[in-house]
Amino acid sequence: MSRQTMSRTRVSDAELAGMTSLAPRSDFPLLAAQPHLHYLDSAATTQKPRVVLDAITRYYETVNANPHRGAYRLSAAATEAYHHARVRIAKFLGVADVDTLIFTRGTTESLNLVASAWGRANVKAGDRIVVTRLEHHANFVPWQALASAVGAEFVIAELHADGTIDLDAMARLVTPRTKVVAFGHVSNALGTVNPVAEIVGMAQRVGALAVCDGAQGAPHLDISVDSLGVDAYAFSGHKMLGPMGSGGLVMRRALLEQMPPYQMGGDMIAHVGDEHTTWNVLPHKFEAGTPNVEAPIGLAAACDYLTALGRGNVLAHERALAAQAMAALAEIPGVTVLGPPANRRGGVVSFTLADVHPHDLSQMLDADGVCVRAGHHCAQPLMRALNVHATTRASFYVYNDASDVEALAASVDAARRKFAG
Amino acid sequence: MSRQTMSRTRVSDAELAGMTSLAPRSDFPLLAAQPHLHYLDSAATTQKPRVVLDAITRYYETVNANPHRGAYRLSAAATEAYHHARVRIAKFLGVADVDTLIFTRGTTESLNLVASAWGRANVKAGDRIVVTRLEHHANFVPWQALASAVGAEFVIAELHADGTIDLDAMARLVTPRTKVVAFGHVSNALGTVNPVAEIVGMAQRVGALAVCDGAQGAPHLDISVDSLGVDAYAFSGHKMLGPMGSGGLVMRRALLEQMPPYQMGGDMIAHVGDEHTTWNVLPHKFEAGTPNVEAPIGLAAACDYLTALGRGNVLAHERALAAQAMAALAEIPGVTVLGPPANRRGGVVSFTLADVHPHDLSQMLDADGVCVRAGHHCAQPLMRALNVHATTRASFYVYNDASDVEALAASVDAARRKFAG
Amino acid sequence: MSAELEELYQSIILDHNRRPKNFRDMPDATAHADGVNPLCGDQLTVWLRMDGESVADISFRGQGCAISKASASMMTQVVKGKSRADADKLFDDVHALVTGRAGAQAAELGALKALSGVSKFPLRVKCASLAWHAMRAALHGAGGSVTTDQSGGESAS
Amino acid sequence: MSAELEELYQSIILDHNRRPKNFRDMPDATAHADGVNPLCGDQLTVWLRMDGESVADISFRGQGCAISKASASMMTQVVKGKSRADADKLFDDVHALVTGRAGAQAAELGALKALSGVSKFPLRVKCASLAWHAMRAALHGAGGSVTTDQSGGESAS
Ligand SMILES: Cc1ncc(COP(=O)(O)O)c(C=O)c1O
Ligand SMILES: Cc1ncc(COP(=O)(O)O)c(C=O)c1O
């Protein structure tokens, strides 16, 4: 079956055979245990290498304690491990001012933090908030809700037909009344890599806050957040080989210092009076309560692992697999690949197959061990503009190789034939 | 040295020798690896049994995927594991309506959720919020901030000299204008177990929201949240043998359904329009973004472990150790034990030693392997009322035994002699 | 392809998916209700024209996977002409069938038995029952919008 | 008790803790500043009376552990009479000492060398330097409140 399909693609078997994975599959316990699994849903969450699981276990077996508040050595060791993880992750992300990296549960919480704490204090009635049509709900709904709460205007920058942002149109939307420009680094639904510098420029011209959703940026691109020039950058550790519950927000120190805190409780206070409370310094001001220490420790191990793979190799690897998948899928009758050309995207391939519903398609693929996502990808506003109800999405990461592309194409073709009746 | 000290206490060596731990120390990798460690800081965070670490590792090795959104079997398995954990934890807590258990990072986030989402929608200028003098900052500062944001009155119910709440005075504070009564189940600073039913009664008489901080309740008492009668109950998994980053909020369904969501993003929406968004059903409405799946899975394993130990044995065990520690410490010249008698407290013993600063004392104790907390215990309002700057706190849990009490008393006595010069 | 998958996607299901019956608006409907599956975003509307206690006409329209479309299509065929009580009974029987709790009644389900393959795929139970929930809401004048999540027990998540 | 702990709590430290020098308000101060350690809640105030470029009088008061009290007490003894520049130099030297980066200068620190034991206990560095940060803030007219957390590098957390 696979032979039959592949013979119709433009990518030769030889070329495909040449694409080995960037990371050894054996480093990933789940993938090693399920050799026939083609895990193509890394944009949703990634599998974890053994080193990450070991780092978490080792933390609990050797230094677990509540950090910051204990004078005893175990607590000091936990504090140190937590701090050291922050230093390593900041370095990985290219953030020089370590304490401006705030740990959160992930991208969603980071963006809510900005929209709530900064937004409520700075966005007023009559102001404007600009987002793009590509946004994940996490970078759309909090801004929509903020706008409606304070009486600001909520405006959506539209796309070109190929799924890239219409920058000219967007520039016209970013008026002097604009207080926030919120945009994704890389689209999770189409894979589009957005031109951060241009968009930051628009925001800077009018003094608006440039907020970048880096959920699909940090895991894949060799970035330095400091050089991106954004005011706020949100990311999720679980999408970059780290544990669930890890992630963060990088934000300019001056903004973090001026804005009110987000959550309140232990660790984030300086003095709690009966009437009035003052806040602790960064990063503590934004990390209320007992921190999830294992999360950054696991994530730091993931960062080290990615660094060892060669940061610059990740995007190239994914892009090559995505390009091969696009070519293979395009050969299958009825398949439409959505979004920009391979050189303007990350390792995400979203497509439709005639009138086969993505839910059915992904169910068929699953029977062949091919794990893809079917649905609106938390991007309903984008689905409306594309005039599709849902898509099927394959996303590649460091552990994928040519066999995954091959299995995907073969399985889609088999489903096509089945549904054609 | 220990002999010398213990001979002065009222608890006989024989009695002490009789107090074995409730849970085998060998079940806890960190404690097993450090046999001379006397971990007496479980009120801050507990050590984790092997079964919890294994549950986390097994999750990542076998079913890790983004739940809810995937049609493939791995994602279905992750969804099922996540759901199953909710069912088990709800059962452990005595919550019949499983979907009213919302997972959060812990107590602090849960209380902020209530104060923000419910509070902003329901508390108005001129209303009153009543908290107690015992509260942890997590159940104090969010209410203080809410009151100041909406122009409500923030009132503190004071204590009797023994650290129990003055219920008569509190009842007078809970007026018809009162919208929130926020109180802790068990004080983390003094160990006081509060009379939940009486306080809930006060709130119900005036139709106020009864919010209970269960951070020190859920780990220790054999509770059924449903029968407590509170409107909202917050707890932290990491204080009950579960992983960091686990915890939750139990709240009445009608309230959760009426109030606006807290964080916004993936999973918690029903439909995202360009102008307006509608919310998903419970529990999803309050769990925006990719959930931390490992957290409830680890916590469910912890609940099972506690159940196997015998839920009703936990408090009895801690209380016995606390009573012995109180007796032993009271014999040491200069020691003042704060708070109520042993039968009105959990396994927490807070004390001062003449003019020896708790920071110095805990440093000295640490040298003997005794891990205690020194400071304000995130309860600065309480410290002011007690007229102390800080205290030293020992807290007991299922893995502690008589040797921990003995080491504590011996080490405190040695420090006393050193500082007396 | 696995036997379970073959059973899920029987050719009768695929046929209904390709050419759904009664897939149309109904201007003279006496009741209608929407069904929404918030997790995958599928949605459909079911229209009813009641004649006293009996279903004179029934139709549907919407977005959905093969399972939800085929289930809706077959539903319109069997429910048409039934009494309110019989339609309720069918709802219960189909629900039991797709959740794998079907007993003797299955004998009476006729073509609907093609939906039995769903019981092996817990995530698809919502797809198969979406139209049925909407039908029942319309039948009892609830109207508005129902979501499969609110329907409790059948959820796999 | 471990040797390191003995070194931390040398008897000179314990003596200063029991009977701190210059532990008093200063009504005729020309400058003062507060030092706060937000993690443990310790706080103290340092007062200065400057006579031109030299420290005519210095005192402190506040809540703190033995290390912070002893450090403050010894500080008042050595800083009194010094020039602004010398006081700054002492700040640097003590900072280097308690963070374990002390070189040749240590020779000139005299009694302050008793603070060297702190370098083995990273969490206590903040205690030892709290009064010094407040002194420097007062010296340079910053006044207000300084926290040891803002002082960067020496933090163990
Ligand atoms: C009584 C009490 N409330 C709230 C909290 C806050 O819990 P967490 O830090 O896990 O959010 C704690 C523990 O720190 C506590 O003991
Ligand atoms: C582009 C984008 N933004 C935001 C998110 C939300 O991230 P999380 O669910 O980890 O909070 C995701 C992933 O779900 C994403 O792909």
Side-chain angles (χ1 to χ4, degrees), chain A residues 29-30 33 41 44-45 47-48 53 56-57 60-62 64-66 69-74 105-109 112 136-138 140-142 144-145 156 236 238 243-245 263-266 269 271-272 274 277 288-290 292-295 359 362-363 366 371 373-375 378 380-381, chain B residues 29-30 33 41 44-45 47-48 53 56-57 60-62 64-66 69-74 105-109 112 136-138 140-142 144-145 156 236 238 243-245 263-266 269 271-272 274 277 288-290 292-295 359 362-363 366 371 373-375 378 380-381:
Chain A
L30 185 141
D41 197 19
T45 200
Q47 297 304 331
K48 319 303 172 197
L53 305 187
I56 295 172
T57 307
Y60 283 122
E61 289 182 351
T62 58
N64 173 61
N66 201 317
R69 300 181 215 162
Y72 55 89
R73 281 163 296 177
L74 197 65
R105 183 174 32 237
T107 306
T108 303
E109 179 165 48
N112 276 275
H136 186 282
H137 294 160
F140 189 97
V141 187
Q144 187 186 49
I156 305 170
S236 298
H238 72 94
M244 286 181 150
Q263 297 183 338
M264 282 153 260
I269 56 90
H271 175 79
V272 178
D274 284 2
T277 291
T290 304
N292 179 350
V293 182
E294 65 147 277
H359 212 157
S362 69
Q363 181 93 64
D366 181 44
C371 304
R373 184 125 306 210
C378 296
Q380 290 182 358
Chain B
L30 185 142
D41 197 17
T45 200
Q47 297 304 330
K48 319 302 172 199
L53 305 188
I56 296 172
T57 307
Y60 283 121
E61 288 183 350
T62 60
N64 174 60
N66 202 316
R69 299 181 217 162
Y72 54 90
R73 281 163 296 177
L74 197 65
R105 183 173 31 238
T107 306
T108 302
E109 179 165 47
N112 276 274
H136 186 281
H137 294 160
F140 189 97
V141 186
Q144 187 186 51
I156 305 171
S236 297
H238 71 93
M244 285 181 150
Q263 296 183 338
M264 281 153 262
I269 56 91
H271 175 79
V272 178
D274 284 4
T277 291
T290 304
N292 179 351
V293 183
E294 65 147 278
H359 212 160
S362 69
Q363 181 91 65
D366 181 44
C371 304
R373 185 124 306 210
C378 296
Q380 288 182 359

So which residue, [options], ends up with the most heavy-atom pairs under 4.5 Å with chain A?
options	answer
B:Gln144, B:His238, B:Gln363	B:Gln144
B:Gly106, B:Ser236, B:Pro142, B:Ala295	B:Pro142
B:Thr45, B:Val141, B:Thr108, B:Asn64	B:Asn64
B:Val293, B:Asp366, B:Asn292, B:Thr277	B:Asp366

Below 4.5 Å from any heavy atom of chain A, which atoms of [X] appear? Answer side chain, backbone, both or neither.
X	value
B:Asn112	side chain
B:Ala288	both
B:Gln263	both
B:Thr62	backbone

Residue pair A:His271 / B:Gln380, side-chain heavy-atom distance below 4.5 Å: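 Yes. Closest side-chain heavy atoms under 4.5 Å.
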Heavy-atom side-chain proximity of B:Lys48 to A:Glu294 below 4.5 angstrom: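 SC-SC contact between B:Lys48 and A:Glu294 ruled out.
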Evaluation steps, side-chain contact (heavy atoms from CB on, under 4.5 Å), between B:Met244 and A:Tyr60: CA-CA 10 Å; B:Met244 285 181 150; A:Tyr60 283 122; 3.6 Å; yes
Contact leader toward chain B among A:Ala33, A:Ser362, A:Pro381, where contacts are heavy-atom pairs under 4.5 Å: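 Option with the greatest count: A:Pro381.
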Residues A:Glu109, B:Arg105; criterion side-chain contact (heavy atoms from CB on, under 4.5 Å); working and verdict: CA-CA 11 Å; A:Glu109 179 165 48; B:Arg105 183 173 31 238; 2.7 Å; yes
Nearest-0.5 Å distance, CG of residue A:Asp41 to CG of residue B:Leu74: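 CG of B:Leu74 is found 9.0 Å from CG of A:Asp41.
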Proximity breakdown for A:Gln47 and chain B, heavy-atom pairs closer than 4.5 Å: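 Answer is both: backbone and side chain atoms of A:Gln47 are under 4.5 Å from chain B.
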B:Tyr72 vs A:Arg373, side-chain contact (heavy atoms from CB on, under 4.5 Å): CA-CA, chis, key distance, verdict: CA-CA 8 Å; B:Tyr72 54 90; A:Arg373 184 125 306 210; 3.6 Å; yes
